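This report refers to the structure that appears directly beneath it.
Treat the numbers as computed from the prediction; the structure is a model and nothing was measured. For this chain, numbers begin at 1 and follow the sequence in order. Basis for what follows: all heavy atoms, side chains included, without hydrogens, waters or symmetry-related copies.
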Amino acid sequence: VQLQASGGGLVQAGGSLRLSCVASGSFININSMGWYRQAPGQQRELVATITSGGSTNYEDSVKGRFTISRDGAENTVNMQMNSLEPEDTAVYYCNALIRVRSSSSYVNRNYWGRGTLVTVSS
């Protein structure tokens, strides 16, 4: 299973970016997908998640500015980021909890994509 993220870049404060991540490979289903970020010198933190049923969860600082969505048919998660602030500058990582086959059973495994850099200039 692989997660491929795209959409990072450089934007001025107040601008917008859209991140996308697609899951590929052999799996049964995707339980949840989301985005985490890690700023220089900081720990990785949750930004937003969305379950297969469409329930969402956001980190407080991005509520009202970021919107996460899923395209189940395309195994894709998107995150629209508006009103970006310099504090949003970080490497953003796609994450997914995916059910896969393991030997004679099924297990849920956590997968990470390679990060995509978002830089917001003041």
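Transitive grouping of hydrophobic side chains (ILVMFWY, heavy atoms separated by less than 4.5 Å) keeps W35 and L97 in distinct clusters. Hydrophobic clustering, with ILVMFWY side chains joined whenever heavy atoms are under 4.5 angstrom apart, keeps I30 apart from L46. Under a hydrophobic-cluster definition in which Ile, Leu, Val, Met, Phe, Trp and Tyr are linked whenever side-chain heavy atoms come within less than 4.5 Å, directly or via other members, V1 and I50 are assigned to the same cluster. Under a hydrophobic-cluster definition in which Ile, Leu, Val, Met, Phe, Trp and Tyr are linked whenever side-chain heavy atoms come within less than 4.5 Å, directly or via other members, V11 and L19 are assigned to the same cluster. The hydrophobic clustering, which links ILVMFWY residues whose side-chain heavy atoms are closer than 4.5 Å, places Y111 and V22 apart.
Residue pairs meeting the disulfide bond (SG atoms under 2.5 Å apart) criterion with at least one partner in residues 69-118, sequence neighbours excluded, are C21-C94. For the side chain to side chain donor-acceptor pair (under 3.5 Å) condition, the pairs that include at least one residue of residues 64-74, sequence neighbours left out, are R65-D88. Applying the side chain to side chain donor-acceptor pair (under 3.5 Å) rule to pairs touching residues 2-11 yields nothing, sequence neighbours excluded. Contacts classified as disulfide bond (SG atoms under 2.5 Å apart) and involving residues 27-81 (residues at least two apart or in different chains) are not found. Legend: disulfide bond (SG atoms under 2.5 Å apart) pairs involving residues 31-62, not counting sequence neighbours: none detected.
For the side-chain contact (heavy atoms from CB on, under 4.5 Å) test, residues two or more places apart in sequence or in another chain that qualify with S105 are V107. Partners of Y36 according to the ring pair (Phe, Tyr, Trp, His ring centres under 6.0 Å) rule, which considers only residues two or more places apart in sequence or in another chain, are W112. For the side chain to side chain donor-acceptor pair (under 3.5 Å) test, residues two or more places apart in sequence or in another chain that qualify with R99 are N108. Shown here are the side chain to side chain donor-acceptor pair (under 3.5 Å) partners of E87, two or more places apart in sequence or in another chain: there are none. Every residue meeting the side chain to side chain donor-acceptor pair (under 3.5 Å) condition with E59, not counting sequence neighbours, appears here in chain and number order: S61.
The cationic atom of R44 (NZ for Lys, CZ for Arg) lies less than 6.0 Å from the six-membered ring centre of Y93 and within 45° of the ring axis.
Taken to the nearest 0.5 Å, the OG1 atom of T49 stands 4.5 Å off from the CG atom of N57. Interatomic distance, L117 CG to T89 OG1, rounded to the nearest 0.5 Å: 8.0 Å. Between the CZ atom of F66 and the CG atom of L17 there is a distance of 9.0 Å, given to the nearest 0.5 Å.
I28 shares a hydrophobic cluster with Y106; the chain of contacts runs through ILVMFWY side chains whose heavy atoms sit under 4.5 Å apart.
A heavy-atom distance below 4.5 Å is found between the side chains of I68 and Y58. Contact of the N95 side chain with the N110 side chain is registered, since non-hydrogen atoms from C-beta on lie closer than 4.5 Å.
Here the shortest heavy-atom pairing between S122 and A13 reads CA-CB, 4.3 Å. Listed here is the closest heavy atom pair of Q42 and Q38: O-NE2, 3.1 Å.
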(request) Would you please test R37 and V62 for side-chain contact (heavy atoms from CB on, under 4.5 Å) and show each step? (result) CA-CA 12 Å; R37 66 185 178 187; V62 308; 4.0 Å; yes
Please tabulate, one pair per line, all N/O donor-acceptor pairs under 3.5 Å involving side-chain atoms of residues 77-84, not counting sequence neighbours.
unit_1 : atom_1 : unit_2 : atom_2 : d
N78    : OD1    : S20    : OG     : 2.7
Q80    : NE2    : N82    : OD1    : 2.9
N82    : OD1    : S16    : OG     : 2.9

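By the neighbour-count criterion of 12 heavy atoms within 6.0 Å, atom CZ of R18 is densely surrounded, having more than that number from other residues, nucleotides or ligands.
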